[in-house]
Amino acid sequence: MDRNPTKSFQDMILALHDFWSARGCLILQPYDMRMGAGTFHTATTLRALGPEPWNAAFVQPCRRPTDGRYGENPNRLQHYYQYQVILKPSPSDIQELYLGSLEAIGIDPLKHDIRFVEDDWESPTLGAWGLGWEIWCDGMEVTQFTYFQQMGGFDCKPVAGELTYGLERLAMYIQGVDSVYDLDFNGRGVSYGDVFLENEKQMSKWNFEVAETDTLFDLFNKAEAECRNALASAVPIAAYEQAVEASHIFNLLQARGVISVQERASYMGRVRDLARSSCETYAEQMAPQWTEKFPGWSLV
Amino acid sequence: MADFLFELRCEEIPARMQKSARAGLEKLFRRELGDAGVEVGDVTVWSTPRRLALIARSLPTETEAVREEAKGPPVGAPDQAVDGFCRKNGIERGSLEVCEVKGRETYFAVIEKPGQQVADLLAEAIPEIIRAFSWPKSMRWGAASIRSESLKWVRPLSGIVALLDGAVVPCEVDGIASGRETRGHRFHGTRKSDPKSRNFGIPIEFFKDKNPTVVNENGMIEIASADDYARKLADAHVIVNHEAREDEIRIGAAAAAKMAGLTLVEDEGLVIENAGLTEWPVPLLGRFDESFLDVPPEVIQLTARVNQKYFVCEDADGKLANAFVCTANIDAVDPAVVVDGNRKVLAARLADARFFWELDQKTTLAEHAKGLERITFHEKLGTVADKVERVAKLARWLCEEGIVKGDADLAEQAAKLCKADLVTEMVGEFPELQGLMGGYYARAEGLPDEVADAIRDHYKPGGQSDEVPTAPVTVAVSLADKLDTIAVFFGIDQKPTGSKDPFALRRAALGSIEIVHRSALRLPLTEAVRGALAIEAGQSMDDAATHKLDRVAVEILDFFADRLKVQQREAGVRHDLIDAVFALGGEDDLVRLLARVKALQSFVGTEDGANLLAGYKRAANILKKEDWSEVGKKQLSYTPEKAEKALIDALDAAEPRAVAAIEAEDFAAAMAALASLRAPIDTFFDEVTVNDKDGDKRAARLDLLSRFRDAVHRVADFSRIEG
């Protein structure tokens, strides 16, 4: 059977894979950890550092515990998918490439009003920022488009372009359904709800009501300690994983409502320290190799 | 004379930056060309999301030759001096000319600067303009960004058109070379636009071109010169003149509403923003589900405007209608598809808003208010809950003292609830709805209208043109809120300085003044401020009198005096007259103070006033010169001269009149009492010698002047009056 990205969630993903694969991207798999956004995937954060060209595309499941609605809200999920494309250096026709990918999943720019609306991105946690847009399709935000300027506190040399598609939203638009649970997952009648509704109910309950907070606090502290341990032993990629872990545990603690406003800033500061130290150590450790391959290049 | 076209094409420029970018481009262009000696006349600057364009009409084609002469040392000066002069002017000694200056042979350096081709100057200026351009935020991009110092622009710069009388001005910036090619609309650019699809704004002449725009194999359009630029772009679905796009949106959106039997709610900010987001704006009207109209209209309007940049509409009764106008950037194959997509997005947003609206109402405001204990007002000043407690006490006091003629219980109740909406979901989503939402929620839970109104309006007046509350309960809460803010921040020495006013204390003071003024409140400011400080210190209002923070109270009074001057300047009240009344001290009732200032202002405007002021200044100068501070109403040891006697009699009569008038707050009468001194003081100076040989007479006359000065000071400190 032919692919039909306008009638099937998975065909839409496959169409994006085909599109970006044909344009020279590595098709990677999701990072096997719980994380809040595709940007946390090392293929984005760590690979945005350094001079080497890097073109990759992948789906990343994202966990946002506080966004859980027990499966009752048609637009909000505590677990959903982002499609990430990272292109370094950013190609001069990156906007046209992106628009081509929309056409590949059935969005005709003469039928739909596509707009690039200012939206800058900043992640203090990662010591990162970039300029770009949110891309609107008939008034709906379907993609974040960012030119990374800094990562881990270092200038991106060269700059990478990052595209983050909100897959469920995009599919809902293309399939013309009002509830995410009504999405046709495979084009043969299996719905998104069939796959994920029960998951949303149970995970929302766990995130908000069940998760043992003492355990979570303990996990947070252990991840923090392990991150420091890894940093001290010069394995910053491992340290970075622990920072990602700590970040997610913090999000769970938030969902459990046990972090006060005053404490919140302090926890965020701790996560930020871990993530930034990991990125910094990674960049500093890699810098000699990078300079060797790209004479004249320097980290700062 | 030549016309110059300059276009900088880039990826989408944020709408909010386009206005200042246009101004910046013109300024830089004028500066660079001015520095190069090119006279720049008429300049037009346009912008779209994807380009900045500048057309300079009637530039010269070359600059005039310039002859500059620099005077050097005299002939015969030491070699060192002559050589230095040559180096400075970059010429050989042998090229120096000699002229006679005041009889001395003097060296001159004559530098001839030949005229230059303006095309050459432009080729040099363009890279400078691009590099010097200042964006609020700029970025690097692409392969070149492997170097930190690669070109920065708001978004990637992709093309430069530079044509002087149709000839390309060749130049290059970071690998981007100038040319005559540009791009049309992102999606429509390769199809010729249909003039019939345009109804508004854009002149039909644009479409009368006999030669259709040529799109070359690269999808680019070639511009011949400044003259065909806008027309060729229009053919390629780009209205490059932002003002034309604004017209298009303004008129088109209004027409779309009218066709639906509605009236557009005008919003100039949205017009400009949408013009900054589109090259080919097409306003389209859509409908949303009527059931959303249960949500307050302000919420719907804000949701539509802030999140989606849509206009809203009203029906014939002036009520918000279930319609929106979005501005597409394409002539869609089927506009209904675009409208329907936008409708869905708006519906999801409104569903969120309705969810918040309903959820917030499941909890009473009193219950919400408990959440304020978790919000820090300021690290040294506790939580918002603490603030609310203080405001409630102060509001009650304002009513109980009769300063505000409102019900003390209602004022206290409203004050206690006035910040509760800060913890609601709706205000979390739309902070600008603070107050307004509290008012809605209060009404919905059946609280008295006075309370709901006070919660809604207590932030007012927010700015100069904002409505000033007059309902007594609202006045009590609003004033208490502002006075508390001012008092407690002054109490921890967080006063506004220069341009820094992080807690908006100036606005709070101005707002207080406007409220007091509008309702003519007899507010003893010092007592109120001391009271606020006492409450903050955990004491009762009764402790206000004994409160130690006198210094702070004085500072606050000065602060109010300054704000009053600013506020009254617009009403044409002279700041020196406000000073003259404030300088008397002890006056902290703004209503009385202003009445006195106004009486004073009309008095000094009269001939009597002006002359009395002159007499006062003369007396004050003499007293100052003699360093005379004694005040006397002593028995005279001699028979006074006629004019002297007349002044004594006039003072005897005027003093009690002035005192009585001031007590009765009849400041016009007080001024009239002063006016009665004018003729006697004039005659006194004409006929009486103050500095008499007789020491007794001299002393008595200085005493008399001193008494005159004091009499005048009962009304105002005339030494502060200018002129």
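Letters go in sequence order (proteins before strands), and every chain restarts at 1.
At a 4.5 Å heavy-atom cutoff, the contact between F116(A) and chain B is made by backbone and side-chain atoms alike. Contact annotation for F148(A): neither backbone nor side-chain heavy atoms come within less than 4.5 Å of a heavy atom of chain B. Residue P91(A) does not touch chain B at all, counting heavy-atom pairs closer than 4.5 Å. When heavy atoms are compared at a cutoff of 4.5 Å, N75(A) approaches chain B solely by way of its side chain, counted from C-beta outward.
In this structure, D113(A) contributes its side chain and V338(B) its backbone to no donor-acceptor pair below 3.5 Å. Remark: side-chain polar atoms of W133(A) are paired, donor with acceptor, to backbone N or O of E12(B) under 3.5 angstrom. Side-chain atoms of R140(B) come within 3.5 Å of backbone atoms of C156(A) as a donor-acceptor pair (strictly under, hydrogens ignored). Judged purely by atom type and a 3.5 angstrom limit, S90(A) uses its side chain to pair as donor or acceptor with the backbone of G142(B). Between the side chain of Q308(B) and the backbone N or O of G139(A) there is at least one donor-acceptor pair closer than 3.5 Å.
Classification of E96(A) and R186(B) as a salt-bridged pair holds, one side-chain N sitting under 4.0 Å from a carboxylate O. Ion pairing between D120(A) and K137(B) holds under the 4.0 Å rule for side-chain N and carboxylate O.
Minimum heavy-atom separation, F187(B) to L99(A): CE2-CD1, 3.8 Å. Considering all non-hydrogen atoms of both residues, K111(A) and I330(B) come closest at C-CD1, 4.3 Å. Closest approach of A328(B) and R115(A) over heavy atoms only: CA-NH2, 3.8 Å.
At a threshold of 4.5 Å between non-hydrogen side-chain atoms, the residues L277(B) and V117(A) count as touching.
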